[in-house]
Amino acid sequence: MHRILRYVLTGSIAIIAGCGHVSAPSPVSLAKADEKDVASAESVASPERVAKPIATPTERISHDWPVFLGPHGTGVSDETDLLDEWPEAGPALLWQKRIGKGYSSPSILGNRLVVHHRQRDRDLIECLKADDGTPIWTYEYDTDFADPYGYNNGPRCSPVLTKTRCYTFGAQGRLVCLDLETGVLVWEHETAKEWKVPEHFFGAGCTPILEGDLLIVLVGGQPDSGVVAFNSDTGKTVWESVGQQTWDGAETDVPGKPFHWTDREMVVSYSSPIVATIHGEKHLLCLVRQGLVSLDPTNGSVRFKYWFRAKVHESVNAARPVVIDDLVFLSAAYETGAALLKVHPDGQNYDVVWRKKRGMSTHWSTPIHHDGCLYGFSGRHEGEAMLQCVDLQTGDLIWETNGYEGDLRDLRTNNTGDVVDASGKPATFFGRGSKTAADGKYFMLGERGILVLAKLTRDKCEQISKATYKQIHYPAWASPVLSNGRLYLRSEDHLICLDVAKPRG
């Protein structure tokens, strides 16, 4: 029986980074995979939209996507020669694979793709050929992680790849280093056991980063191990930082009421850190639960901090900081809003250019900056979420859209959870979407699986093409991955590869 969209999308659906007293998605909204089928499934090309690769990997200029949000950590790719518009049926499906649970995007280096997912009580780190999905190796281990809010129990963090190593961070805090060539274990840490990590909302959900020979992980340990740097070759701890010494007595949004630290305070974050060069110095920017901390990445010493936290306990910071020259943009849901900081040349101080509690409120999808504008999905719940264009210098809203140009009362969800219009055709409705920018275009994925090719400017959102694939359905919360002319999308039970490259003459 159809449900009116306005009813379905108001507070009844939450996310990996969503908090509060909300119910889990209704079964009618989800196309659940049979876990027995998932465990035995193999990569297979769909007979519906099969296409041979336009070019082999060696014929294309390599554009890897080896870490979360791509080579720059911003969701922006340097890839070019991509289709300016799509066929009516959408980009050709090159291959698909049934996979297990999880919310993390795959990572790609050369012709190796690594996806981290869960089947029953096992976490699988699986390496495939990026061009056709052929399995190369699989490493697995036991897990009994159970999300306390009822979301799926798979990994949340994307793999980190180098020429010789693959690093993953599981929902239970298991940090694993594998040989990328063979999948053999090099070293590992069970961070939740080795550090004092208070219980938190959705398991470990913050992808580590590499800086030189350091693997930097937001472990979330008490009292001062919120951020831990490991030697990437050996796994040895190099430094620990952020926690009680950082935040006890810190000024908050409430004048005259400094923050009082407890031994139960969560330091965990769902916002992946990023290293940026500001005024010639490297800053390791970590948006933890209490707010932004800038560290010297070589030793973990604190450069500066800025309180940025929702007043409600059941809340998280999940979107990554966005750095533009000496400006740092922050955004979060739960009535936290947005802020823009301007870092001083001394690297120790900053000005708050603006702070807006009702500004762009990104739930988990990191905004993208271009030509003085920030483009991001704002809103805590699906029904209220909007794609927004915000002026960087002022924080003012320039335009917003939910993707649908008609009357919302015409929309509904069908029996597979897809959003359709009055005629039953798939409707462009983003919800809390994700996006990737490349070649002057944006690949935007709505959380119910609508895939849109668009141009975003200060003037408008121009939708060029759209497509749906039955394998990508609610909750489609993993960011689109672009590498070598191919777009990779992940749902709770499928990974698909689409050809978005222009034909080569």
Please answer whether the main-chain N or O of Ser361 pairs with a side-chain N or O of Ser378 as donor and acceptor at a distance below 3.5 Å.
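Between the backbone of Ser361 and the side chain of Ser378 there is a qualifying donor-acceptor contact (under 3.5 Å).
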Any side-chain donor paired with an acceptor under 3.5 Å for Gln172 and Asp144?
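Gln172 vs Asp144: donor-acceptor pair found between side chains.
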Kindly indicate whether the side chain of [X], heavy atoms from C-beta on, has any atom under 4.5 Å from the side chain of [Y].
X: His369; Y: Leu374; answer: yes
X: Ile450; Y: Lys466; answer: yes
X: Ile99; Y: Leu124; answer: no

Can you tell me how far [atom2] of [Y] sits from [atom1] of [X], rounded to the nearest 0.5 angstrom?
X: Thr182; Y: Ile136; atom1: OG1; atom2: CD1; result: 11.5 Å
X: Thr436; Y: Glu79; atom1: OG1; atom2: CD; result: 11.0 Å
X: Thr468; Y: Arg448; atom1: OG1; atom2: CZ; result: 14.0 Å

Under 4.0 Å between a Lys/Arg side-chain N and an Asp/Glu carboxylate O for Glu335 and Arg380?
no
Is the [X] ring parallel, tilted or perpendicular to the [Y] ring (thresholds 30°, 60°)?
X: His313; Y: Phe201; result: perpendicular
X: Trp247; Y: Trp307; result: perpendicular
X: Phe202; Y: Tyr149; result: tilted
X: Tyr167; Y: Trp187; result: tilted

Does NZ or CZ of Arg174 come closer than 6.0 Å to the centre of the six-membered ring of Tyr141, within 45° of the ring's axis?
yes
Asp147/Arg156 under salt bridge (Lys or Arg N to Asp or Glu O under 4.0 Å): CA gap, chis, key distance, verdict
CA-CA 11 Å; Asp147 186 284; Arg156 284 92 164 94; 2.7 Å; yes
Got a sec: does the CD of Glu140 have more than 12 other heavy atoms crowding it under 6.0 Å?
yes
